[in-house]
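Keep in mind that this is a model prediction, so the values were computed, not measured. The basis for the numbers below is simple: all heavy atoms, side chains too, and nothing from hydrogens, waters or symmetry mates.
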Amino acid sequence: LVTWASQFSQDPQQSRYSAAQYLTALNEAQNQFALDSRCLFKDQLYSLVSGTRSYALPSDFMFEKKVTMGDANTIGGMELDPISRASLEFSTRDHDWQDDNGTPKFFMIDPELAREQILFYPNPQGADAGTNNVILTYYAYPTTMVNGTDLPFNGNLILNEYHIALACYASWLLLISELSSAEIEGKRAGLMKQYQTKVTEAIDRFNNTSSEPLRLRGGRSWR
């Protein structure tokens with residue numbers, strides 16, 4: 001990856017940018033590709049406890065894909081709908097929604113540093129308690145690369161063909177520090193185009209996101 005990035009950055013001797021700069025840029029590229037393509041997702045199992053509505057999010061949580069809830073000892077099953085605090089506060093003006101009890105039908109994600117939790121509404125009761133009976137399927141941040149032997153995308157070999165996209169994006173970032181010129185701007189535009197092409201290929205290949213925006217020619221999106 002560093003070799004590719006240095007060649008794309010017109011720094012084949014790796015003398016213009018330091019090893020730390022290359023590593024930082026490649027990790028940023030890895031995070032951005034995971035965000036743009038949604039190529040990495042995981043399942044987190046939760047065991048519902050009666051009267052407990054909030055549970056910790058995984059440390060590598062990016063954003064949710066879906067949440068399913070099964071019976072007491074059944075994994076997954078019924079898909080829960082997302083809901084916001086604002087919606088609950090609007091619909092329960094006569095009381096505190098946090099006091100509502102019953103079988104959960106909704107979930108809420110609080111990813112902010114202050115909370116970092118998933119909440120279920122209404123509050124689960126005795127019959128809802130179980131072992132690993134809720135699955136949070138979520139898009140994950142990839143593990144930060146530190147050593148020269150570390151593999152991108154958590155070592156997922158299926159994603160090997162997208163490694164070049166990381167080198168393109170890393171080079172695009174590094175070239176920001178260069179004095180602007182027609183040559184540099186043309187180089188950066190080409191690198192971004194190659195990166196976006198790989199993102200599009202990953203989305204089409206894995207089809208993880210049914211609600212993805214309509215893509216227009218040239219890498220633009222219609223939202």
Side-chain angles (χ1 to χ4, degrees), residues 1-44 57-65 111 137-221 223:
L1 288 177
V2 172
T3 299
W4 276 348
S6 65
Q7 291 174 347
F8 297 162
S9 304
Q10 300 174 330
D11 181 30
Q13 303 303 316
Q14 299 176 24
S15 57
R16 181 180 293 116
Y17 309 112
S18 68
Q21 286 176 302
Y22 278 112
L23 182 60
T24 297
L26 286 167
N27 275 311
E28 182 62 30
Q30 181 183 219
N31 286 338
Q32 190 64 47
F33 191 90
L35 175 63
D36 290 339
S37 68
R38 304 185 184 187
C39 61
L40 292 177
F41 65 89
K42 297 181 178 181
D43 286 338
Q44 173 69 38
L57 288 173
S59 59
D60 59 352
F61 177 86
M62 183 182 291
F63 51 91
E64 73 278 6
K65 183 178 183 183
T137 302
Y138 69 99
Y139 297 102
Y141 281 106
T143 301
T144 300
M145 296 179 288
V146 177
N147 303 306
T149 55
D150 291 343
L151 295 175
F153 305 127
N154 301 341
N156 189 337
L157 299 182
I158 294 176
L159 299 174
N160 280 2
E161 65 181 286
Y162 305 109
H163 289 185
I164 194 169
L166 306 189
C168 287
Y169 194 90
S171 301
W172 179 83
L173 285 175
L174 291 169
L175 288 173
I176 292 176
S177 63
E178 300 295 328
L179 290 175
S180 181
S181 67
E183 180 182 2
I184 290 295
E185 295 307 313
K187 182 72 173 178
R188 294 189 72 234
L191 290 167
M192 181 53 66
K193 182 178 181 180
Q194 290 298 317
Y195 169 80
Q196 291 175 335
T197 296
K198 283 299 182 181
V199 168
T200 298
E201 289 178 5
I203 292 174
D204 291 340
R205 172 74 53 87
F206 297 105
N207 193 29
N208 289 336
T209 311
S210 60
S211 60
E212 68 186 76
L214 176 66
R215 288 185 306 279
L216 305 178
R217 295 182 65 180
R220 296 170 296 159
S221 297
R223 297 183 182 275

Exam field: side chain N154 to backbone P142, donor-acceptor pair closer than 3.5 Å: no
I158 atom CD1, neighbour heavy-atom count above 12 within 6.0 Å: no
Beyond-backbone contact of L179 with I184, side-chain heavy atoms, under 4.5 angstrom: no
Heavy-atom check, side chain of H163 versus side chain of L1, under 4.5 Å: yes
Side-chain H-bond candidate by donor/acceptor type, N27 with T144, under 3.5 Å: no
Donor + acceptor pair across side chains of D11, S6 (<3.5 Å): no
Smallest separation among heavy atoms of A34 and A140, with atom names: CB-O, 4.2 Å
4.5 Å side-chain heavy-atom contact, S177 and Y17: yes
Residue pair Y162, F33: steps toward the ring pair (Phe, Tyr, Trp, His ring centres under 6.0 Å) verdict: CA-CA 9 Å; Y162 305 109; F33 191 90; 5.7 Å; yes
Value rounded to 0.5 Å, distance of CG in L151 from CG in L157: 7.0 Å
Over all atoms of both residues, closest heavy-atom pair of E185 and S180: OE2-OG, 3.3 Å
pair L166-F153: side-chain heavy atoms closer than 4.5 Å: yes
Heavy-atom side-chain proximity of L26 to M145 below 4.5 angstrom: yes
Donor-acceptor contact below 3.5 Å, side chain R16 vs main chain Q10: yes
Rounded distance [0.5 Å steps], SG in C39 versus CG in L35: 10.0 Å
Distance in Å, R205 CZ paired with E161 CD, rounded so as to fall on 0.5 Å steps: 4.0 Å
D36 side chain reached by I203 side chain, heavy atoms, under 4.5 Å: no
Minimum heavy-atom distance A165-K198, with the two atoms named: CB-CB, 3.6 Å
Approximate separation, where rounding is to 0.5 Å, of S9 OG and L191 CG: 7.0 Å
Plane angle bin for F63 and Y139 - parallel if under 30°, tilted between 30 and 60°, otherwise perpendicular: tilted
Straight-line distance of C168 SG to M192 CE, nearest 0.5 Å: 9.5 Å
Residues Y195, Q32; criterion side chain to side chain contact (heavy atoms under 4.5 Å, CB included); working and verdict: CA-CA 10 Å; Y195 169 80; Q32 190 64 47; 3.5 Å; yes
Minimum-distance pair of heavy atoms, taken over all atoms of S37 and A202: CB-CB, 3.9 Å
Geometric class of the Y169/W172 ring pair [parallel <30°, tilted 30-60°, perpendicular >60°]: tilted
Straight-line distance of L57 CG to M62 CE, nearest 0.5 Å: 13.5 Å
Any side-chain donor near an acceptor of the partner, Y138 and D43, under 3.5 Å: no
Min side-chain heavy-atom separation R188-E178 under 4.5 Å: no
Residue pair K42 / T137, side-chain heavy-atom distance below 4.5 Å: no
Side-chain donor/acceptor of Q21 to backbone N/O of S18, under 3.5 Å: yes
